[in-house]
Amino acid sequence: MNAPDRYERFVVPEGTKKVSYERDTKIINAASFTIEREDHTIGNILRMQLHKDPNVLFAGYKLPHPLQYKIIIRIHTTSQSSPMQAYNQSINDLDKELDTLKSGFEAELLKFSKDY
């Protein structure tokens with residue numbers, strides 16, 4: 001069959017960076033981040049988190065092709081911030097939110113397991 005191996009969707013090839021950064025040469029405070037081996041799940045979550053930042057003017061993502069397992073996130077910020085700062089801040093904020101979700105889930109699971 002001509003279909004690529006399933007592991008290619010998840011395993012980053014050796015020598016390839018997980019995240020790469022490219023400044024936009026035409027627009028000030030704009031950049032693109034290419035994230036290897038990710039899809040709509042991470043792209044949409046990250047885009048929504050970036051929209052919460054008041055210094056972000058534009059945040060969007062795209063999948064270049066269904067058989068290319070990467071997303072490209074485009075960020076344009078105000079002069080008070082840089083795309084790299086906005087990206088790092090959104091990753092840190094998402095990490096905190098997921099930690100809160102995990103601890104809440106584990107607490108409820110512990111309560112549930114004590115009852116039964």
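- Partners of I91 by side-chain contact (heavy atoms from CB on, under 4.5 Å), not counting sequence neighbours, listed by chain and number: L46, Y87.
- Residue K18 holds its NZ atom at 8.0 Å from CD of E36, rounded to the nearest 0.5 Å.
- Atom NE2 of H65 is separated from atom CG of L63 by 11.0 Å, given to the nearest 0.5 angstrom.
- Residues that satisfy the side chain to side chain donor-acceptor pair (under 3.5 Å) test with Y61, not counting sequence neighbours, are H40.
- When all heavy atoms of A86 and S81 are compared, the closest pair comes out as N-OG, 4.1 Å.
- The hydrophobic cluster around M48 extends to none of the other residues, as no ILVMFWY side-chain heavy atom falls under 4.5 Å of it.
- Heavy atoms of other residues, nucleotides or ligands lying less than 6.0 angstrom from CG of L67 number more than 12.
- Rounding to the nearest 0.5 Å places CD1 of I45 at 7.0 Å from CG of L98.
- Residues satisfying the side chain to side chain donor-acceptor pair (under 3.5 Å) criterion with N55, sequence neighbours excluded, are T78.
- Pairs of residues two or more places apart, or lying in two chains, never qualify as side chain to side chain donor-acceptor pair (under 3.5 Å) while including a residue from residues 7-17.
- Going from atom CG of N29 over to atom NE2 of H76 covers 6.0 Å, rounded to the nearest 0.5 Å.
- Residue pairs satisfying the side chain to side chain donor-acceptor pair (under 3.5 Å) criterion with at least one member in residues 104-113, sequence neighbours excluded, are listed as follows: E108-K111.
- Placement of I75 and I27 in two distinct hydrophobic clusters is found when ILVMFWY residues are connected by side-chain heavy-atom separations under 4.5 Å, directly or transitively.
- Considering every non-hydrogen atom in both R37 and V12, the closest pair reads CG-CG2, 3.7 Å.
- Every residue meeting the salt bridge (charged side-chain N to carboxylate O under 4.0 Å, His left out) condition with K52, not counting sequence neighbours, appears here in chain and number order: E97.
- Expressed to the nearest 0.5 Å, how far CG of L109 lies from NZ of K102 amounts to 12.0 Å.
- Applying the ring pair (Phe, Tyr, Trp, His ring centres under 6.0 Å) test to pairs two or more places apart or on separate chains, those with a residue in residues 9-32 are Y21-F33.
- With sequence neighbours left out, the side chain to side chain donor-acceptor pair (under 3.5 Å) criterion links Q89 to D93.
- Looking at residues two or more places apart in sequence or on another chain, you find no salt bridge (charged side-chain N to carboxylate O under 4.0 Å, His left out) involving D39.
- Hydrophobic side-chain contacts under 4.5 Å tie I72 to no other Ile, Leu, Val, Met, Phe, Trp or Tyr residue.
- Hydrophobic cluster membership is shared by V19 and M84, with clusters built from Ile, Leu, Val, Met, Phe, Trp and Tyr side chains linked at under 4.5 angstrom.
- Residues that satisfy the side chain to side chain donor-acceptor pair (under 3.5 Å) test with N44, not counting sequence neighbours, are R47.
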